[in-house]
Amino acid sequence: MLEAADVRFAYRRAPGSARRTDALVIDGVTLAVTSGDVVGLLGPNGSGKTTLLGLMAGALRPLSGHVRLDGADIGTMSRRAVARRLAVVPQETTLAFDYSALEIVLMGRYPHLGPFEIEGPRDLEAARAALDTTGTAALADRPFRTLSGGEKQRVVIASALAQLDGAPGDAPALLILDEPTASLDLRYQLEVAALIARLHETRGITILLSTHDLRLAAAVCTTVVLLSRGRVLGEGPPGTSLTPGAVAELFAVTPAEAAPFCP
């Protein structure tokens with residue numbers, strides 16, 4: 001469904017040294033996300049998780065290697081075609097204008113609209129269904145800026161679901177989430193984790209997420225990829241990959257310190 005093969009990536013240095021590149025942020029990563037998976041990229045801050053998600057979503061181009069979506073090089077696909085198959089939920093959503101929650105969700109319908117076309121009844125139906133799915137229907141008319149962190153996150157996930165409603169043919173939907181529980185208190189962390197699990201179990205959505213939260217990875221992921229300094233240290237089901245030794249190496253702590261956080 002979505003795969004990266006021996007991908008390498010580096011950001012350009014500051015202006016004035018355009019011909020040089022910085023150290024590799026992603027260094028020879030191979031990763032496969034198959035239909036029905038919930039794959040978690042687990043690693044400390046600065047490990048390259050967000051950059052790898054950008055590569056997997058086609059927002060960044062690798063220096064070498066390739067990323068393929070359903071066998072096609074994602075870099076050769078139109079943004080509209082990619083957006084009908086996968087949706088990305090960033091860590092934070094910043095808006096220039098004061099939109100309502102419903103307007104935010106309707107923005108997810110852009111891949112399904114033609115040039116200068118405005119949203120119609122089908123788009124409104126998809127948006128309201130997405131709000132229902134994420135438990136945010138009552139917030140539809142609320143200004144987005146007035147929502148709590150957890151409410152905002154669920155509304156943005158609703159926008160992603162509206163975007164994926166009407167994917168071409170029988171192609172399974174793919175949702176990419178960057179640190180979905182970051183900066184949330186425990187209550188909202190639990191709500192978002194439960195929503196992710198529900199989307200996978202009841203709607204069959206394939207999910208790729210990044211996190212440094214061991215509890216989230218153990219609770220919702222079918223596969224965990226341990227990422228450190230842009231390289232994969234290991235991968236597998238949470239029960240076998242999240243050992244005290246592996247977690248200690250990943251987060252630079254002792255196995256004894258890591259043990260209480262391992263499943």
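Computed from a predicted structure; not experimentally measured.
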_Applying side-chain hydrogen bond (donor to acceptor under 3.5 Å, both in side chains) to His66 and Arg68, what does each step give before you reach the verdict?_
CA-CA 6 Å; His66 63 258; Arg68 290 195 174 107; 2.5 Å; yes
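Using modelled atom types, one side-chain atom of Glu103 and one backbone atom of Ser100 make a donor-acceptor pair closer than 3.5 Å. Here the side chain of Lys49 pairs no donor or acceptor atom with the backbone of Leu227 at under 3.5 angstrom. Thr222 places a side-chain N or O within 3.5 Å of a backbone atom of Val38 that can act as its donor or acceptor partner. Put simply, the side chain of Thr202 never gets that close to the backbone of Leu199: no donor and acceptor are under 3.5 Å apart. Judged by distance alone, the side chain of Arg80 and the main-chain N or O of Tyr110 form a donor-acceptor pair under 3.5 Å. Listed for the Ser159 side chain is no donor-acceptor partner under 3.5 Å among the backbone atoms of Val155. Looking only at distances, a side-chain donor or acceptor of Asp185 sits under 3.5 Å from a matching main-chain atom of Tyr188. Here the side chain of Thr136 pairs no donor or acceptor atom with the backbone of Leu139 at under 3.5 angstrom.
Contact annotation: the side chain of Val7 approaches that of Val67 to within less than 4.5 Å [non-hydrogen atoms, C-beta and beyond]. Taking 4.5 Å as the limit, some side-chain heavy atom of Val89 sits within range of a side-chain heavy atom of Gln153. By the 4.5 Å heavy-atom criterion applied to side chains, Leu41 and Leu53 are counted as neighbours. Residues Val33 and Thr206 have side chains in contact (heavy-atom distance under 4.5 Å, counting atoms from C-beta outward). No side-chain heavy atom of Gln163 sits less than 4.5 Å from a side-chain heavy atom of Arg109. For the pair Phe261/Val253, no side-chain contact is recorded, criterion being any heavy-atom separation below 4.5 Å from C-beta on. Within the 4.5 Å cutoff, no side-chain heavy atoms of Ile176 are placed close to those of Leu209. Side-chain contact between Leu208 and Met56 is present, with heavy atoms from C-beta onward closer than 4.5 Å.
Side-chain N/O atoms of Arg203 and Thr133 include a donor and acceptor closer than 3.5 Å. No side-chain donor from either of Asp6 and Thr30 sits under 3.5 Å from a side-chain acceptor of the other. A donor and an acceptor atom, one from each side chain of Arg142 and Thr146, are located under 3.5 Å apart. A side-chain N or O of Thr34 and one of Asp37 form a donor-acceptor pair less than 3.5 Å apart. There is a side-chain donor-acceptor pair under 3.5 Å between Asp178 and Ser210.
Between Pro180 and Ile196, the closest heavy-atom pair is CG-CD1, 4.0 Å.
Taking a cutoff of 4.0 Å between a charged side-chain nitrogen and a carboxylate oxygen, Asp165 and Arg84 do not qualify as a salt bridge.
Of the inter-residue distances, the one linking Leu250 atom CG with Leu226 atom CG reads 5.5 Å to the nearest 0.5 angstrom. Taking CG of Leu63 as the reference point, atom CG of Leu24 lies at 6.5 Å (rounded to 0.5 Å).
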